[in-house]
Amino acid sequence: MKRNTGVRMDKFVTRHRKRSVEADEWKSEEPIKKFKDGSEVEEEFSQPIPWQKFEAEGLDCDYSFLFDKEEADHLLTQLEEEVVYFTGDKAKVQVYGKLYSVPRKQATYGDEGLMYSFSGVHLLAKPWTPTLEHIRDAVTKATGHTFNFVLINRYKDGHDHMGEHRDDERELDPACPIASVSLGAVRDFIFRHKDARSGSTKRQIEPVKLELAHGSLLLMNYPTNTYWYHSLPVRKKVKTPRINLTFRRIVKNRQKTSIKTE
Ligand SMILES: O=C(O)CCC(=O)C(=O)O
Ligand SMILES: [Fe+2]
């Protein structure tokens, strides 16, 4: 079957898969593959997205590829054109009363009125763009979860980084994983158990190290962010940019949301 809808989003190629939450198995939602020229073909076999599970004491993550290289390249280009990052004091954090620039660029998009607050800055969500809606909807199709907010981090190269933190704010709906989409340079991502950090009781718990690849999706499921800190360390050999999008569900009457970082 060939159809030509002429809709702008036909440029995207997405794997339309949906997780049956009850059965914990994958099934095809829409056996149609779309090509960039707007044409579509029915896929004869509906293959589930292969997920890799990462588990440790109190850590539960799922990792997969959401976008193939062609679409991931396209999305990265679109986001590089479209995303408006914070500047000035909104691009800084306050630590013990002093302002520091964050070692990356940040932007927040989401449903109207949602606010993101951390270390003395309050960042209002800008309205979803079509590209962000497309990525959000692809994550929803792949996971069965809905999201009302995204934090975007842009790392211009391997010098840009994110310090160890947990995303454990009470306004985040714990039933909804934090869904992290990565585009661009492959970067290491490290989880460390809170009891294995210096200054804590210092138990011997091995860190969990992942590589977040171009087009990938990492789900941080409950209770990962209760017990494990995560960071994106400096990697001086990395010369190219990376954009990361963490889709979240904020419980509106529990705002403000916050992040402990740097
Ligand atoms: O860039 C990343 O992969 C990490 C992002 C992150 O931890 C966050 O946005 O809270
Ligand atoms: Fe995080």
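The basis for the numbers below is simple: all heavy atoms, side chains too, and nothing from hydrogens, waters or symmetry mates. Worth saying up front: this structure is predicted, and the values here are computed from it rather than measured. Just so you know, ligand 1 is whichever comes first in the structure, and atom 1 is the first atom listed for that ligand.
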Angle subtended at the Fe ion (ligand 2) by NE2 of His165 and NE2 of His230, to 10 degrees? 90°
Has Arg187 got its NZ or CZ under 6.0 Å from the middle of the six-membered ring of Tyr155, at an angle within 45 degrees of the ring axis? yes
So, Asp62 and Lys53, do they make that salt bridge, N to O below 4.0 Å? yes
Is it true that Asn221 and Asp60 share a donor-acceptor pair across their side chains at a distance under 3.5 Å? yes
Before signing off on this row, confirm whether Asn153 and ligand 1 have an N or O atom pair separated by under 3.5 Å. yes
Tell me, which N, O or S atom in Asp167 is closest to the Fe ion (ligand 2)? OD2
State yes or no: are the ring centers of Tyr227 and Tyr229 separated by less than 6.0 Å? no
Heavy-atom donor-acceptor pair, His193 side chain to Trp228 backbone, under 3.5 Å: no
Proximity flag Arg248 to ligand 1, non-hydrogen atoms under 4.0 Å: yes
Ligand 1 atoms in contact with Asp167 (distance to a heavy atom under 4.0 Å): 10 (O)
Are the side chains of Arg197 and Glu164 in touch, meaning some heavy atoms are under 4.5 Å apart? yes
At under 4.0 Å between heavy atoms, which part of Arg154 makes contact with ligand 1: side chain, backbone, both or neither? neither
Per-atom contacts of ligand 1 with Phe189, taking only distances under 4.0 Å to non-hydrogen atoms: 3 (O), 4 (C)
Under 6.0 Å from the CD atom of Glu211, do we count more than 12 heavy atoms belonging to anything else shown? no
Using 4.0 Å as the upper bound for N to carboxylate O, is an ion pair formed by Asp160 and Arg104? no
Is the closest heavy-atom distance from Arg187 to ligand 1 below 4.0 Å? no
Atoms of ligand 1 under 4.0 Å from any heavy atom of His230, numbered from 1 in the order shown, are 7 (O)
Numbering as shown, the atoms of ligand 1 that approach Met162 to under 4.0 Å (heavy-atom distance): 5 (C), 6 (C), 7 (O), 8 (C), 9 (O)
Hey, are Ser182 and Arg242 close enough side-chain-wise for a donor-acceptor pair under 3.5 Å? yes
Look at ligand 1 and say whether Arg104 reaches it with a heavy atom at a distance under 4.0 Å. no
State the atoms of ligand 1, each with its element, that fall below the 4.0 Å cut-off from a heavy-atom position in Leu151. 9 (O)
For ligand 1, the portion of Leu212 having any non-hydrogen atom under 4.0 Å away: side chain
